[in-house]
Every structure is written in structure tokens, then in C-alpha cells.
Amino acid sequence: MKLAEIIVDVPTMQTDKPYTYMIPKDLENQISVGSRVAVPFGRGARKVQGIIVSIVEKFSLPDNFKLKEISKVMDLNAVLNDELLKLSKWLAQTTYSFRINCIDTMLPSAMHVKYKRVVNLIDDNINDAEILQLFKKSKSIDFDDIDSDKHLVNKLMQLKKNNQVSLEYLVNDKAISKKELFIEKNITDEQIKDIIPKLRKNSTNQLRLLKVLLDEKSLNIKQTELTKKYKISNSTINTAIKNQWITKKQVEIYRNPYKRPVTRNYPLKLNDDQFVAVNTVAKSVKKHENKVFLLEGVTGSGKTEVYLQTIQKALVDGRNALMLVPEISLTPQIVNRVKGRFGELVAVLHSGLSKGERYDEWRRIHEGKAQVVVGARSAIFAPLQNIGVIIMDEEHDPSYKQDDNPRYQTREVAKWRAKYNNCPVILGSATPSLESRARASKHVYDLIKLPHRINNQKLPAVSIVDMREELANSGQEDFSAPLINAIKQRILNNEQVVLMLNRRGFSSFVMCRDCGFVLKCPNCDISLTLHMDTFSMKCHYCGHEEAIPKICANCRSRKIRYYGTGTQKAQKELLKLIPEAKVLRMDVDTTRKKGAHEKLLRRFGNHEANILLGTQMIAKGLDFPDVTLVGVLNADTSLDLPDFRASERTFQLLTQVSGRAGRAEKSGQVYIQTFNPDNYAIQLAKSQNYEQFYVKEMGIRHSMNYPPYYFTIKITANGNQEQQVASKILEISRYLKARLNSNAIFLGPSPSSIAKIKNQYYYQIIIKYKNEPKMHECLEFILNYYQKDAQKGLYVNIDSEPLSFM
DNA sequence: AGCACGCCGACT
DNA sequence: GTCGGCGTGCTC
């Protein structure tokens, strides 16, 4: 008897292990390791989904243990291969999360099953009026419809005990592939030619249909094509089916997320630096060498071309390629370039696709129909086999770290897969993360530099505008005189401007001038932001929305003022200062709709506006030849965050956004407005000297005991009872302090910097450490120990190498 | 998660 | 006495 070890879809600490099931004889050849199945789980008739992680002959349970059988198979083919199963195990261990959650992250969301509980009536002779009413229409009802009615549930449970009703569990697969009706020819062209003369004179429609069939070379024709293009009615088709000339057939088709045709592009001539880069990596690809390359190239140095030609080399060697970009929907330009280069071989995975589209792209990869995968963070789990190279563009980007379970860093997963596939990884960036750059210094990674812009284009000239002076001189705090003049100049020249303001909405908060009262979200510990388009106050954390106050809720004063500038207010002010400006605003609020992002960028590319004003989402990857001016309205927003990576973030952001200027023939100019003109991150962004920034910042990290000199762990507790949360985190802190080395540094326990989100209180500890062999074991103990509290709504989360300490 | 079991208080 | 509230423990 063959047995299957199965991870069940019940994400708790206690069930985070394989369970053994018997494989029924009739399912034996439909099942393999990596298959999704439905299994009975628990005492009742409950069924859950599971993934087979291994098939064994014997098991280690007591001899008299009665095993259950697998109920049904969900897929014909395994959904996870050996590599991804192993990866899920490693991921669960290193991110302190449940294996089933890791598996879920790897699969497209369309594969997450829906559970349905159904109550079936067995005994017709029930004379309870309420029950009769319930089953009046149908013999089975959806349990969820009556779940909230305690009285009814109890009654039904009683009936269940007497075998008068039964509870049935359905595991429904949502992963429905898209099908289209096709008409298939059943007869040859010769037969058609025979039939035509024998047709009755009045069967004109049949004659038309047959002629179409003769004209169409392929055996299958879309039914919609027959009806729309050839105006052949459904009844005509049905008659032909009766005559057995054709048959209807459902054919699975792939949804194509990129309906817009992409223009074909061809390899560009490489400059010397690029040539060396491509060849160095290609050598590793060929030798199946597991190496990590850090490609440090200034903005505009042609990194994308290096990626594309490296992928080309991998394909020539018969291997596949995986390319990751940050939040891909933000950079349609890159996707189009890859699609334009490799055409049908490319599959794209990102959050901008619908569930169905994602599922189809995933299946194309799974079935080996795609050889190049481009995608955002989760695309690192694409079921691509025989990977020859993994590329991570903008490797420093914070979106590569997932901020809920499993809290993985894509870079680490990429390295794991590269090792499994014996292939190199390219980490590319103009401003590498300090972690990566430090590893390159220690020769853990191979450093490749692209120090020049392509065509020897000069880097844009960067000027810093001291806003303290501007404020004192003119009272202007959002737009300085030099920036306004420069913008006017570009508009006259018919050139374009990119303005970045890292704050959406209208004002950042609303304060009463009499008593200092700031309106806060009732669910979160955060002030509400004013939005002028909806005339409301919004919470950016939970989405809470309320009316704009006219009088102070605290002191009834009418002196309410708006502080801080968001993109909405900036747009309004800009139009006041430069009435002839045509401004496109790009932030979360204007890009929420699917495809809105791409549309905005296309409009900008078509010169429908001369100014693109947006939050940091405009800093990434935009490449418009007529943009010659970039303005950063307030460089301090990211600098003032109480986080040790604030300088790094600011430097990266400023460098990236500066790189948007002067990418073609025209040279670029950048203005950075700041209240901290002497800050080193801003000064070094001005000179665009990454290496110097790296050295300076490393010095600070060293003296302050921060990464990459120390490892870090963040432990968070949350729940709706603040007291409980606080005492829990204190307990955890004491437990760890007693067990770790004395040189481990504890920050906290303390309330998280946003201490309350959606009515949940958050407390945290951060631990900085160098070498803690016991750490992993201790943390596993904590998770195990506190899982009992999860039922009471008290949760403990562990984030290994958190991006932020906030 | 979701279900059963078991222990306690408040109802016909 | 028993119904139903919730705390606890287990699921191959």
C-alpha cells in the first residue's frame, strides 16, 4: 500500500507538518508528489485541500492507527516540482512561517480553493416547521447561510446526530481555465465540394457556411468568428452539426494580458563596459556556475540591455531565464522591451494582472511554453525549470521584501534557486543595498561596474535648493524660485518635467491652531490625510474616511489649518504659479484602476502634458527622451523617518529620480529642494557618487552597530487588548535575554511606531546580533509556546532581517 | 481553522 | 435536572 505525506491547508502551528494518508487504488496513477488533493481532516466530515510532499511505503505511526484515504485529486499534473517543494520547506524555516503559507505564495491565487459546507436533508419525515421551511426549496442548503443563527445550528447538529441530516464538505477549485467554443470540421474539403451541388436550393445559409469552411484552412474556427465575421447564425451552425459536418468543441485558451501589440526590438550595440558585463555573466551561464554578480551601473548605463543580451545567451545555451523587476506594473516600459525582444517566449507575472490572467501565465510556464519569465517579487516562485540565469533589477528596492507571512527577501530566494539550478544571479542597481555592496567588497559577490552612461551621455547636473532660505525670502515652502523658473523654461522649449513629492493626498494632517488638536483615525494611531478630490479625510492605513472638520472636535474652534503638502495640493499650487502648465498627477489615488498606470505614462509620452507630478512611483525605470528637468519638492520626507535606513532610502530615491533626466540627446538638470541641504545623503546624491556614499554610510552603520555589520530580528506581538500585548512582548524579551549572548543588543520592548492599526495594538522588540547559534531554536520555541494565544486573538510574528525598525 | 468534548451557570 | 455558553485539545 502506498501512502502519501500531505501538508494540509490549515495554517496553524500545530498542523504545520505532513499528515499520512492512504492512496486509493483508483487514484494511484493520477497522483504524484506535488499534486493538490482533497483529504478528510478532523473528526467530522470536514475536507481540506492538501499538497503531497512525498510518497512512502511505510509510516511511523502506531500499528493500530487507522489512516484515512485521499478523497479526490485536484489536478492532473503535479503543481509543484521537487525544486519548489524543497524551496517551500526552506522558506518556512528561514522566515518562521507555516509551510502551507509558503506553498500558497508559490501558487497563483486562482488555485486557492474555496470551501463550502452543505447540509443535506436525509429524513423526509421531520415535522419541525422551522426545518421544513429551511428545506422547502431544496434538499440541500449552504451552511454559511445559516451559520450565524446559533439556534438553527444547534437544531441541525441534533438532527445530524440522529442521522436525519448530513453535513457535506466541498473543496471547490477556483482555478477555472478560460475556454472558448470552437467549431471543428468533420469533413474534408473534397467532401464539402461533393455536398455543395446536392444541397437544397433554399439552404442558402448552409451553402454560405460550407464555403467559409472551404476558405478556412485550419480545422478549428472560433464560433464567435463565424457569427461575428461571417454572420452565420447559431441555428445554421446547429443544423450543420446535425448533418455531422462539424462539431462544437470547448478549447482551453490562455488569456493574453498584453493585448497591445509590442514593437519588435533588436539587440543594441554594446559599449565596452556592457560587453564585458554580458560576457562575464554568460561565461558563468555556460559553465553552470553558481555565482552572484553585483552589477553596479549608474542610471542610464544600459543595464537593461545587459540583462536582455545575457538572457539571449542563456537561451542559446538551451536554458531559461528569470528576470525580476520591482512592482512590475510600474514599469510597462521594461515589460514591453522584453516582450519585444523575445516575443512569445515571455511570460509576465505581476499584481496588475487579473487572477485568471495570472493563472494562465503561470500555466504557460508550468507547461514549459515560456522560457523567459518577467515579474515582480512573487515571480521568483515561477515554476520555470532549467533556469540559466536569474536577474534582479534594482536589487535594493524595498518591494523585494514581502511584509507579511512569509516575510521573505526575494534576493535570498533567488540565490537559493540559483544554487539549485547551478546558475548565476545578477543583482543590478545604480545604488546597491549596503548588504549587497558589502558582500561584493568581501568577494562573496563578483562586482561588475558600468560607470558610464551609454553614448557617454553626461549625468544630469544636480542643484540643491535650500528651502530655509526660500521660506525666509518668499514664504514659499513648496516651489522655490529656481525650480519655477526652470519649469517655465522647459515648457517654452517644449521639453518635459518630472516632479516628485513623496506624499499623496492634499495635506498631511489637519491641526487646530487654537488647541493643537490633530484629527486621527479612530482605528489606527495615525493622523488622517486631507483629500480634496473626494472632500474627505482618509486614513492611509485602513482606508477609513470621514468628512473634513469645520470646527475642532476638541475645542470647537474654527481655526483649522492644513499642514504639509501632498500631491493634490502641489498640483493646485503649481497651476496657480504656472497657469500654462499641463500637469499629470501620478500616485496611488490616480493609478488604482487596472491599466491606469500605463495609460498615464503613455499620455505623458505623447506630450499630452508637460509635467508629471507624482510620488516615489515615478522614480523607477521611466525613460522619456524629452524629460530634461527633474524636481524633488521635498527631499526630507524620507530623510526624517526614524529609521536607520532613512539615509540609504533617500540617497537611492534621489539618485534614481535624478536619473530620469537627460536620458537621450538633451542634457538633464535636477533640483532637489530640502530643509537639510548639508545632509550627507543629499550632498552625495548631488554628486551622484554611490561609492562615496557607500563608504560614509558603512562607517555610520559600523559605529551604530547596524546591518550589514549586525543581523537583525524583529519580533512583534499584536492583539486588541493593549495590556496583554505589552505583557506578552515583555515576557518574550525576558526569555530571549536569558538565553542569548550578552553582546546581543535589544531595542525595546516598545510600542511599534504606529502603535495601533485597524484596532490592533502592536508592540515590538528588535534584536541586533552577530553570532547566535541558539537564536533559531529560541524563536521556534517562542512561536510554539505562544500559538495557544492565537485563538484568543493574540499573535506573535517574527521578521528576520526586517527592512524597517518602525 | 473547525470541530468535539467537557465543565459550569441559568433556564423550562 | 438539561440546554447552551465557552475554554481546551486534536486533526493522519
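All chains are named by letter (A, B, ...) in the order of the sequence lines, taking the proteins before the strands, and each is independently numbered beginning at 1.
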Pairs touching residues 713-732 of chain A that satisfy salt bridge (charged side-chain N to carboxylate O under 4.0 Å, His left out), sequence neighbours left out: A/K728-A/D789

Would the distance check show the side chain of [X] and the main-chain N or O of [Y] forming a donor-acceptor pair, the cut-off being under 3.5 Å?
X      : Y      : value
A/Y786 : A/N797 : no
A/Y400 : A/M392 : no
A/Q49  : A/H112 : no

For every nucleotide of nucleotides 2-12 of chain C, 5' to 3': is a protein heavy atom under 4.0 Å from its base (B), only from its sugar-phosphate (S), or from neither (-)? -------BBBB

Rounded to whole angstrom units, what separation is found between the [atom1] atom of [X] and the [atom2] atom of [N]?
X      : N     : atom1 : atom2 : result
A/M13  : B/dA1 : CE    : P     : 14 Å
A/K116 : B/dG2 : NZ    : P     : 16 Å
A/Y115 : B/dC3 : OH    : C1'   : 15 Å

Residues which pass salt bridge (Lys or Arg N to Asp or Glu O under 4.0 Å) with A/D104, listed by chain and number, not counting sequence neighbours: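 Counting only residues at least two positions away or on another chain, A/D104 forms no salt bridge (Lys or Arg N to Asp or Glu O under 4.0 Å).
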
When you check the phosphate oxygens OP1 and OP2 of B/dC3, does a side-chain N or O of A/Y169 lie under 4.0 Å from one of them?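 Indeed, a polar side-chain atom of A/Y169 lies that close.
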
Would you say the ring centroid of A/Y735 lies under 6.0 angstrom from that of A/Y785?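 No, too far apart.
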
